[in-house]
Amino acid sequence: MALRSGMRFKVGFEEVFPAGCVLVPGTIAQAEDYDEKTGKRTPAKDKVTQGRVWQCRVMDMDPELGAKSREVSVKILAEVQPVPPTGQMFEAVEFTDVTVTPYLNEKSRRMAYSYRASGMVRPNGSTGAKQAPAPAGGKDGGA
């Protein structure tokens with residue numbers, strides 16, 4: 001069976017982050033697409049849902065990683081900017097409705113993974129904080 005490019009697989013949060021993860025402060029931002037023809041960046045839109053895409057970085061707390069890089073980028077598909085559940089520095093978070101998309105990293109020629117989620121919650125599953133409104137004057141969606 002051949003896999004289509006961009007195929008997403010549902011996974012449990014604990015399968016991706018068995019020891020949990022910690023949000024890197026100040027890293028939640030709207031994802032952008034880059035148009036090589038025009039040299040312009042536009043707000044990203046999810047190719048499947050056509051919804052807004054936000055991006056954040058987390059530190060994987062898996063002790064088996066040792067000295068390997070622990071920073072992972074997670075895309076959150078939401079109409080408004082996600083807000084950290086408690087607003088604390090380096091807070092532990094979990095992601096809801098996680099999917100993984102395997103792809104070939106052209107630079108390293110190795111398998112890589114893109115993670116998407118529908119939201120971010122406290123490790124006990126509660127949101128803790130409300131969603132922030134979309135940035136004023138921002139475009140409704142993006143590329």
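Numbering starts at 1 and runs along the sequence shown. Computation of the quantities below employed the complete heavy-atom set of this structure, encompassing side-chain atoms and omitting hydrogens, waters and symmetry-equivalent molecules.
Contact detail for Val80 and Trp54: the closest heavy-atom pair is O-NE1, 3.5 Å. Arg116 and Asp46 get closest at one heavy-atom pair: NE-OD1, 3.5 Å. Closest approach of Phe95 and Cys21 over heavy atoms only: CE1-SG, 3.9 Å. The heavy-atom pair separating Pro102 from Val100 by the smallest distance is CD-O, 3.8 Å. Taking all atoms of both residues into account, the shortest heavy-atom contact from Val53 to Lys45 is CG2-C, 3.8 Å. A pairwise comparison of heavy atoms in Glu91 and Pro84 identifies OE2-CB, 2.9 Å as the closest pair.
Counting heavy atoms from C-beta on, the side chains of Thr27 and Cys56 come closer than 4.5 Å. A 4.5 Å side-chain heavy-atom check between Pro25 and Phe90 finds at least one atom pair inside the cut-off. Counting heavy atoms from C-beta on, the side chains of Thr96 and Val121 come closer than 4.5 Å. Using a 4.5 Å heavy-atom threshold, the side chains of Tyr113 and Val16 count as separate.
Here the CG-CZ distance, from Leu77 to Arg52, works out to 13.0 Å after rounding to the nearest 0.5 Å. To the nearest 0.5 Å, the span separating CD1 on Ile28 from CG on Leu23 amounts to 5.0 Å. Atoms CE and OH, on Met111 and Tyr103 in that order, are 10.5 Å from each other to the nearest 0.5 Å. The distance from atom OG1 of Thr38 to atom CZ of Arg41, rounded to the nearest 0.5 Å, is 10.5 Å.
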Dump the intermediate steps for side-chain contact (heavy atoms from CB on, under 4.5 Å) on Phe17 and Val72, then the final yes or no.
-> CA-CA 10 Å; Phe17 300 106; Val72 177; 4.1 Å; yes
Please output the side-chain donor-acceptor pairs of residues 58-69 that fall under 3.5 Å, not counting sequence neighbours, one pair per line with the distance.
residue	atom	partner	partner atom	Å
Asp60	OD1	Asp62	N	3.0
Asp62	OD1	Glu64	N	3.0

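Qualifying salt bridge (charged side-chain N to carboxylate O under 4.0 Å, His left out) partners for Arg70, counting only residues two or more places apart in sequence or in other chains: none.
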